[in-house]
Amino acid sequence: MIRVYNTMSGEKEDFIPLVSKKVGMYVCGITAYDVCHLGHARSAIVFDIIKRYLRNRGFTVTHVRNITDIDDKIIARANKEGVSTEEIAKKYTEEYYRDMERLGVSRADIEPNATDHIKEMIETVQGLIDKGYAYNIEGDIYFEISKFPDYGKLSNRNMEGLMAGARVDVDARKRSPLDFALWKSSKEGEPWWESPWGKGRPGWHIECTAMSNKYLGESFDIHGGGADLIFPHHENELAQSEAYSGKTFVKYWIHNGFITVDKEKMSKSLGNFFTIKEILDRYDPEVVRCFLLSTHYRNPIEFSDKQLNEAEVSIDRYYSTVLRVGDFLETAGGKEKAEGLEEFENTLSLFTGKFRGAMDDDFNSALALGHIFELLKELNRFLDSKPSGSKAKEIVTKAQGLLAEAGSVLNIFQRKPEEWYRSLIKVKKISLTEEGLLKKISERQDLRSKKDWASADRVRNELQSEGIILEDKQDGTRWKVQVG
RNA sequence: GGCGACGUACCCAAGUGGCUAAGGGGGAGGUCUGCAAAACCUUUAUGCAGCGGUUCGAAUCCGCUCGUCGCCUCCA
């Protein structure tokens, strides 16, 4: 049984979708007004892994991820740059998809834009007016939260507390300062759509109500996003959705924690952010994923190069082991010898259960990674015992398969070691070519065969200063990229 | 001011009532090696911010104190 922490109840609950084995999942994407930073990456990766795991466990998942392409910030940016809001939205949407692709985040099944759903939003707003939940003031439509007694149930707030916060905007025309806009009349020079209330544009929250309703229905299983969306975005979305449909909007609310820098939330406004592009210029995408998954998704993660480097070492451990396994399968003799075979077989038989146990418990990828590294160690230990024969080959192959399968859920360990090292050469900006490298290695091999250790060591040291590590094996020398 | 989260070794990080407190990094010692590297082995928290309490039993539940952070305005 999968257990998920539900923001609504504040507890872990058994995960039972509304329709057996089918999951509807809506995750808030981005507002396309600027490039994405690592915080956006975390949210995207977390929900990508949740989706992959649910599919791995046999659920059919319909994943919807929206793009907000009309909004105050986009308008501001367009005005600043003297271009249309469409151009701004298009540019940053493209950047977003490029970043996500490089990060290895899979595409959602449905990726709706707000501006393609104006009609649905108008219908939703009209429905809310008809039901008495919304009112019109000079073309601005507001949701009246006093008509929705459950308001605040997601973020655990009440009206008094919110009023006391004194940070809500004061618009004398609104019946309550807490009422929020469903539809905004357009000011001079702003983009607009025709509506029953005049020219205007949608409010921030209404797109998610209209689009989730269209693609997943009035009630669905998972709604996700960063923890900063809980209030006001998801609270407002929930209010309008349930007021409109009269049904429970979402069964499980899932929110990921923040990335911090010096303990403070990484954010645009604080300016303490690293863009995805900047990070991918210095680290392999798999390293970024491993780094982000090594902490439980609800906890904050402190950004640090040290931690990213450690993640790099971890990934390298896997690919180094794959190389070892390759050597073993090629060179191991036919004589049946396998010390500790039974013990190793036993370890393997327990692995999948442990991995699932971790992921079942609110998608605990950090614990799952722990089990993966444990198995990696056991595999290396078995190889250290110098086994040989078909039985040993079989079990080593099986072990590697288990690691790759678990890795596929976390979207790590899916490449060949050569691809990993090529990527590292790029990311670490090593100027040597593979050809030049092989030439040096062969020269050094001659020196070694002449037992000219001093010269051979000099070559090795030269390469090391360029970030290349040489490993002498019985049948030759292997190069790797220095990690960490 | 209101609401909430967190504080586990040198660093990162799982664990939320019961075997010896996962895993990774780093340190120390060792095996292997021409020397290295990699890998493996041993070691590195009688203790989980502090103080009380509940319990046969608590890092884990409850209370208080200290510290850090988040949301209450756009925010992944």
Side-chain angles (χ1 to χ4, degrees), chain A residues 7 10 12 27-31 33 36-47 71-73 76 152 155-158 160-169 204 224-233 235 255-260 262-270 273 290-291 294-296 298-302 304 306-307 309-311 313-314 316-317 320-321 323-324 354 358 361 364-386 448 451-454 456-457 460-461 464 469-474 477-480 482 484:
Chain A
T7 305
K12 284 183 198 170
V27 183
C28 289
I30 56 146
T31 298
Y33 78 101
C36 293
H37 59 68
L38 207 53
H40 299 96
R42 184 179 194 188
S43 184
I45 286 169
V46 161
F47 288 99
D71 146 277
D72 291 353
K73 289 192 159 182
S155 55
N156 193 26
R157 266 157 239 258
N158 55 44
E160 297 78 57
L162 285 166
M163 297 294 264
R167 287 164 80 180
V168 289
D169 80 279
W204 177 29
D228 45 6
L229 295 180
I230 296 169
F231 191 91
H233 182 51
E235 190 71 58
H255 294 95
N256 63 276
F258 304 126
I259 293 185
T260 59
D262 295 329
K263 299 272 183 190
E264 281 186 315
K265 178 185 170 187
M266 179 183 286
S267 73
K268 274 276 158 52
S269 46
L270 284 170
F273 59 89
C290 185
F291 164 65
S294 63
T295 296
H296 184 90
R298 278 191 283 116
N299 293 144
I301 301 185
E302 171 75 9
S304 85
K306 185 164 180 282
Q307 294 307 314
N309 286 331
E310 284 182 17
V313 170
S314 296
D316 190 62
R317 248 166 86 76
S320 291
T321 305
L323 289 173
R324 262 194 102 179
K354 283 183 169 181
D361 186 10
N364 193 337
S365 57
L367 181 58
L369 280 169
H371 295 316
I372 284 175
F373 291 125
E374 231 169 347
L375 178 56
L376 204 52
K377 181 187 274 195
E378 292 299 328
L379 172 56
N380 272 309
R381 193 221 294 265
F382 183 69
L383 290 170
D384 269 7
S385 72
K386 303 236 176 4
R448 290 186 72 222
K451 297 203 191 302
D452 183 356
W453 306 124
D457 288 353
R460 187 170 62 196
N461 290 338
Q464 185 166 13
I469 296 290
L470 296 188
E471 290 182 10
D472 294 326
K473 307 183 296 166
Q474 276 163 354
T477 297
R478 163 146 54 225
W479 66 269
K480 299 202 307 201
Q482 171 91 60

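The shown structure was predicted, so the numbers you read here are calculated from the model rather than taken from an experiment. Residue numbering restarts at 1 for every chain, and letters A, B, ... go by the order of the sequence lines.
As rounded to the nearest Å, G26(B) and G67(B) have C1' atoms that lie 26 Å from one another. For G17(B) and C56(B), the C1' atoms lie 12 Å apart once the distance is rounded to whole Å. Separating the P atom of U46(B) from that of A21(B) is a span of 11 Å, rounded to the nearest Å. Atom C1' of C10(B) sits at a distance of 38 Å from the matching atom of C72(B), rounded to the whole Å. To the nearest whole angstrom, the two C1' atoms, one in G70(B) and one in G53(B), are 30 Å apart. Here, A9(B) and A14(B) have their P atoms 13 Å apart, quoted to the whole Å. Between G2(B) and C19(B), the distance separating the two P atoms is 40 Å to the nearest Å. When the C1' atom is used for both A58(B) and G4(B), the distance is 24 Å, rounded to whole Å.
Using a 4.0 Å heavy-atom cutoff across all strands shown, L470(A) reaches at least one base atom of the nucleic acid. As judged by a 4.0 angstrom heavy-atom cut-off over every strand, G484(A) is placed among residues making no nucleic acid contact. Heavy atoms of K451(A) sit nowhere under 4.0 angstrom from any nucleic acid atom. Here I259(A) lies in heavy-atom contact (under 4.0 Å) with a base. Nucleic acid contact for N156(A): sugar-phosphate only, since backbone atoms but no base atoms lie under 4.0 Å from a heavy atom of the residue. Contact annotation for R324(A): backbone-only contact, meaning every heavy-atom pair under 4.0 Å involves sugar-phosphate atoms and none involves a base. Counting non-hydrogen atoms under 4.0 angstrom, N364(A) reaches the backbone sugars and phosphates but no base. If you check every strand for non-hydrogen atoms under 4.0 Å, E264(A) touches sugar and phosphate atoms only. Using a 4.0 Å heavy-atom criterion, one finds that N299(A) contacts the sugar-phosphate atoms exclusively. Heavy atoms of N380(A) sit under 4.0 angstrom from primed sugar atoms or phosphate atoms, though from no base atom. Residue L229(A) is classed as a sugar-phosphate contact, given heavy-atom separations below 4.0 Å to backbone atoms only. Heavy atoms of G39(A) sit under 4.0 angstrom from at least one base atom.
In this structure, NE2 of H37(A) is placed 7 Å from C1' of A76(B), rounded to the nearest angstrom. Atom pair L383(A):CG and A39(B):P shows a separation of 12 Å (rounding to whole Å applied). Computed from coordinates, the E310(A) CD to G23(B) P distance equals 15 Å when rounded to whole Å. Distance CZ (F231(A)) to P (G70(B)): 18 Å, rounded to an integer number of Å. Counting to the nearest Å, the P atom of C74(B) and the CG atom of L270(A) are 16 Å from each other. Separating the CG atom of N461(A) from the P atom of A37(B) is a distance of 11 Å, rounded to the nearest angstrom. Between H255(A) atom NE2 and C72(B) atom P the separation is 13 Å, expressed in whole Å. In this entry the distance linking CD1 of I301(A) with C1' of U68(B) reads 18 Å, nearest Å.
Under 4.0 angstrom from either OP1 or OP2 of C41(B) there lies at least one side-chain N or O belonging to R381(A). Phosphate proximity of C40(B) to R317(A): present, with a side-chain N or O under 4.0 Å from OP1 or OP2. K263(A) has no side-chain polar atom (N or O) that falls below the 4.0 Å cut-off from OP1 or OP2 of G7(B).
In a base pair of the Watson-Crick type (N1 to N3 plus N6-O4 or O6-N4) or a G-U wobble (N1-O2 and O6-N3), with each distance short of 3.5 Å, A14(B) is matched with no nucleotide. Base pairing annotation: C19(B) forms no Watson-Crick or G-U wobble pair, as no partner gives both donor-acceptor distances under 3.5 Å. Pairing partner, C71(B): G2(B), with both Watson-Crick or wobble hydrogen-bond distances short of 3.5 Å. In a base pair of the Watson-Crick type (N1 to N3 plus N6-O4 or O6-N4) or a G-U wobble (N1-O2 and O6-N3), with each distance short of 3.5 Å, C48(B) is matched with no nucleotide. In this structure G7(B) sits in a base pair with C66(B), meeting the Watson-Crick or G-U test at under 3.5 Å. Taking a pair to require two hydrogen-bonding distances under 3.5 Å in either a Watson-Crick or a G-U wobble arrangement, A36(B) remains unpaired. Remark: U43(B) base-pairs with G27(B); criterion is Watson-Crick or G-U wobble with both hydrogen-bond distances under 3.5 Å.
With hydrogens and angles ignored, a donor-acceptor pair under 3.5 angstrom links the side chain of D472(A) to the base of C35(B). Put simply, the side chain of R460(A) and the base of A36(B) share a donor and an acceptor less than 3.5 Å apart.
Between the side chain of N364(A) and the backbone N or O of L367(A) there is at least one donor-acceptor pair closer than 3.5 Å. At distances below 3.5 Å, not a single donor-acceptor pair connects side-chain atoms of D262(A) with backbone N or O atoms of E264(A). Side-chain atoms of E310(A) never come within 3.5 Å of backbone atoms of G484(A) as a donor-acceptor pair (strictly under, hydrogens ignored).
Nearest nucleotide to the side chain of Q307(A), out of C12(B), G2(B), C35(B): C12(B). When each of G24(B), C74(B), G34(B) is scored by its nearest atom to the side-chain atoms of K377(A), the top-ranked nucleotide is G24(B). Nearest to the side-chain atoms of R448(A) among the listed nucleotides G34(B), A76(B), C71(B) stands G34(B).
Residues Q482(A) and I30(A) both approach RNA chain B. Their nearest nucleotides, taken by heavy-atom distance, put Q482(A) toward the 5′ side. Along RNA chain B, the nucleotide nearest T260(A) and the nucleotide nearest K268(A) are compared for position; the residue whose nucleotide lies closer to the 5' end is T260(A).
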- Message: Could you walk me through whether S320(A) and K480(A) satisfy the side chain to side chain donor-acceptor pair (under 3.5 Å) test, starting with their C-alpha distance in whole Å, then the side-chain angles of each, then the deciding distance to 0.1 Å, before giving a yes or no?
- Response: CA-CA 9 Å; S320(A) 291; K480(A) 299 202 307 201; 2.7 Å; yes

- Item | Working for side chain to side chain contact (heavy atoms under 4.5 Å, CB included), residues F273(A) and K268(A) | CA-CA 7 Å; F273(A) 59 89; K268(A) 274 276 158 52; 4.0 Å; yes

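The existence of a salt bridge linking R460(A) and D457(A) is confirmed by a sub-4.0 Å separation between a basic side-chain nitrogen and an acidic carboxylate oxygen. Ion pairing of D384(A) with K377(A) is absent here, as no side-chain N (NZ or NE/NH1/NH2) approaches a carboxylate O to less than 4.0 Å.
Side-chain contact between H371(A) and E374(A): present, with at least one pair of heavy atoms (C-beta onward) separated by less than 4.5 Å.
G24(B) has no base stacking with the ring of F373(A) when judged by centroids under 5.5 angstrom apart and an interplanar angle below 30°.
Atom NZ of K386(A) has 12 or fewer heavy atoms from other residues, nucleotides or ligands within 6.0 Å.
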